[in-house]
Amino acid sequence: QVQIVESGGGLVPAGGSLTLTCKAFRSIHMYNTMGWYRQVPGKQRELVASITTYSNTHFADFVEGRFSISRDNSKYTVVMQMDRLKPDDTAVYYCNGVDRVADWGQGTQVTVSP
């Protein structure tokens, strides 16, 4: 049974924006720091941004203020707004817990053209 569903990826030019949305089972979302991760072929999956139950946020250094993350604890959703996208942001983006990690979903492809 699919526990996490990511959506919102696509192809955008450099400098463009995308909004990624994640919906997870209540058991994954509640009382769990949630995060957006990304992975490119041949590299390890890395954490891009995270948000605690109380909406404290943390971002990887490479984000450089371009992304924001939010969550809705009544809908079990996590949204990441990505602005000023760069070609280096091209990856498959995944959502998952940080404190408790569930089975990985399919992810959503983000492609940023030069």
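Everything numeric in this text was worked out from a predicted model, so none of it was measured.
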Heavy atoms only: give me the nearest [X]-[Y] pair and the separation to one decimal.
{"X": "A91", "Y": "V40", "result": "CB-CG1, 3.6 Å"}
{"X": "I28", "Y": "G97", "result": "CG2-N, 4.4 Å"}
{"X": "C22", "Y": "W36", "result": "CB-CZ2, 3.5 Å"}
{"X": "D89", "Y": "R66", "result": "OD2-NH1, 2.6 Å"}
{"X": "P87", "Y": "P114", "result": "CG-CA, 3.9 Å"}
{"X": "T57", "Y": "F59", "result": "OG1-CE1, 3.6 Å"}

Taking atom [atom1] of [X] and atom [atom2] of [Y], what is their separation to the nearest 0.5 Å?
{"X": "T19", "Y": "F67", "atom1": "OG1", "atom2": "CZ", "result": "11.0 Å"}
{"X": "S27", "Y": "R100", "atom1": "OG", "atom2": "CZ", "result": "7.5 Å"}
{"X": "K75", "Y": "H29", "atom1": "NZ", "atom2": "NE2", "result": "11.5 Å"}
{"X": "R26", "Y": "Y76", "atom1": "CZ", "atom2": "OH", "result": "4.5 Å"}
{"X": "C95", "Y": "R38", "atom1": "SG", "atom2": "CZ", "result": "15.5 Å"}
{"X": "M34", "Y": "N96", "atom1": "CE", "atom2": "CG", "result": "6.5 Å"}

Original post:
Between L47 and H58, is any pair of side-chain heavy atoms under 4.5 Å apart?
Top reply: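 Result no, sub-4.5 Å side-chain heavy-atom pair not found.
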**OP:** Report yes if some heavy atom in the side chain of S50 is under 4.5 Å from a heavy atom in the side chain of I69; otherwise report no.
**Re:**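 SC-SC contact between S50 and I69 ruled out.
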Got more than 12 heavy atoms from elsewhere within 6.0 Å of [atom1], [X]?
{"X": "E64", "atom1": "CD", "value": "yes"}
{"X": "Y31", "atom1": "OH", "value": "no"}
{"X": "Q109", "atom1": "CD", "value": "yes"}

Do you reckon [X] sits in the same ILVMFWY cluster as [Y], going by side-chain contacts under 4.5 Å, direct or chained?
{"X": "V92", "Y": "L85", "result": "no"}
{"X": "L20", "Y": "V63", "result": "yes"}
{"X": "M82", "Y": "F62", "result": "yes"}
{"X": "V98", "Y": "V48", "result": "no"}

**OP:** Could you tell me whether W104 and Y37 have their ring centroids closer than 6.0 angstrom?
**Re:**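 Yes, close enough.
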Measure from the side-chain N and O atoms of [X] to the backbone N and O of [Y], and report whether any donor-acceptor pair falls under 3.5 Å.
{"X": "T21", "Y": "V79", "answer": "no"}
{"X": "E6", "Y": "T108", "answer": "no"}
{"X": "D83", "Y": "S17", "answer": "no"}
{"X": "R71", "Y": "I51", "answer": "yes"}
{"X": "N32", "Y": "D99", "answer": "yes"}

